[in-house]
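The sequence lines fix the lettering, A, B, ..., with proteins before strands; numbering per chain opens at 1.
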Amino acid sequence: GAGVSQSPSNKVTEKGKDVELRCDPISGHTALYWYRQSLGQGLEFLIYFQGNSAPDKSGLPSDRFSAERTGGSVSTLTIQRTQQEDSAVYLCASRGQGPEAFFGQGTRLTVV
Amino acid sequence: GEDVEQSLFLSVREGDSSVINCTYTDSSSTYLYWYKQEPGAGLQLLTYIFSNMDMKQDQRLTVLLNKKDKHLSLRIADTQTGDSAIYFCAESKGGKLIFGQGTELSVKP
């Protein structure tokens, strides 16, 4: 597809379960970002991948959160032992050589 | 301060101009951005400005940048009801984008 694709669009999970969120960036984009948006809040930076460089993980809120980017393309954000405060919309963005960063539609995570 | 800051709400009448303001933190930011988020949707890139520019105009949108004061503004001319949304400014900082809290623009007919 032409845009950033995220799956699933909605995820309901029980507290304590692990979840995986997927992001397919725009083909050829070397930079990939994950953000979290809690209800009525702004965007909280989580992690940034740029090419083959070590990712900037400075925004991950706890060691329950991790992300991988395989082959410089698809990325997976994993949240282990989910808590109710993890409920939010998780947004992924990608950027190519230019300055424009494009966002996916997000995954709405609800922890019950 | 450490944060990108925006006022939270703005209400205008249809046909008026809207001005959304933002202060950012990093004087070395290369690019500054404005994104629009409609209810239940992702973020749509509206426009961006390179840090060596003072102004950029794109149809109804005008971006003004004051580097000395680290102040960014977005002016929407002839505001329409379809412009009702949350507007986020963002700065590039070490390659990553840091966002403000967003300004909710309400356009009244």
Side-chain angles (χ1 to χ4, degrees), chain A residues 1-7 9-10 21 23-26 29-60 67 69 88-108 110, chain B residues 1-9 20-26 28-53 56 58 61 63 65 72 85-106:
Chain A
V4 178
S5 178
Q6 292 188 244
S7 60
S9 54
N10 282 284
L21 311 180
C23 174
D24 281 272
I26 293 171
H29 278 195
T30 56
L32 187 147
Y33 308 82
W34 283 100
Y35 290 85
R36 177 168 71 175
Q37 186 175 30
S38 300
L39 188 62
Q41 300 296 308
L43 273 74
E44 176 188 5
F45 167 77
L46 297 178
I47 188 167
Y48 161 50
F49 296 90
Q50 174 60 63
N52 295 321
S53 303
D56 178 351
K57 303 180 182 181
S58 60
L60 294 178
R69 189 177 185 193
V89 175
Y90 289 82
L91 292 162
C92 175
S94 72
R95 180 171 57 82
Q97 295 301 314
E100 303 100 321
F102 299 98
F103 280 81
Q105 290 296 96
T107 293
R108 182 176 299 277
T110 305
Chain B
E2 292 294 318
D3 298 331
V4 177
E5 295 184 348
Q6 303 177 236
S7 53
L8 294 182
F9 300 101
I20 302 171
N21 295 300
C22 170
T23 55
Y24 60 98
T25 63
D26 190 348
S28 66
S29 290
T30 312
Y31 291 95
L32 296 126
Y33 303 81
W34 284 104
Y35 282 84
K36 175 183 180 182
Q37 186 177 38
E38 296 182 78
L43 270 72
Q44 172 195 354
L45 176 63
L46 283 180
T47 188
Y48 63 91
I49 187 168
F50 188 47
S51 58
N52 70 350
M53 297 171 65
K56 180 178 180 181
D58 183 0
L61 304 179
V63 178
L65 176 60
L72 182 73
I86 300 176
Y87 291 80
F88 292 93
C89 69
E91 63 175 341
S92 59
K93 197 167 181 176
K96 62 195 182 195
L97 301 185
I98 305 299
F99 286 81
Q101 290 292 95
T103 299
E104 183 175 348
L105 174 64
S106 174

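Heavy atoms of A:Ala31 lying under 4.5 Å from chain B are absent altogether. Using a 4.5 Å cut-off between heavy atoms, B:Tyr35 touches chain A through its side chain atoms alone. Only the side chain of B:Gln37 comes within less than 4.5 Å of a heavy atom in chain A; its backbone stays farther off. Contacts of B:Leu97 with chain A are made by both backbone and side-chain atoms, with heavy-atom separations under 4.5 Å. Heavy atoms closer than 4.5 Å to chain B are found in both the backbone and the side chain of A:Leu43.
Annotation: maximal heavy-atom pairing with chain B below 4.5 Å, among A:Gln6, A:Gln105, A:Glu44, occurs at A:Gln105. Counting heavy-atom pairs closer than 4.5 Å to chain A, the top-ranked of the candidates B:Gly94, B:Gly102, B:Ala90, B:Gly95 is B:Gly95.
Crowding of A:Asn52 atom CG: a count of heavy atoms from other residues, nucleotides or ligands under 6.0 Å not exceeding 12.
Two residues are said to be in side-chain contact when any heavy atoms from C-beta on lie closer than 4.5 Å; A:Gln37 and B:Phe99 fail this criterion.
The nearest pair of heavy atoms linking A:Ser58 to B:Lys96 is OG-NZ, 3.1 Å. Taking both residues in full, the closest heavy atoms of B:Tyr48 and A:Pro99 are given as CE1-CG, 3.3 Å, listed atom of the first, atom of the second, then distance. The two residues B:Leu45 and A:Phe102 make their nearest non-hydrogen contact at CD2-CE2, 4.4 Å.
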Test B:Tyr31 against A:Glu100 for side-chain contact (heavy atoms from CB on, under 4.5 Å), laying out the working first. CA-CA 9 Å; B:Tyr31 291 95; A:Glu100 303 100 321; over 6 Å; no
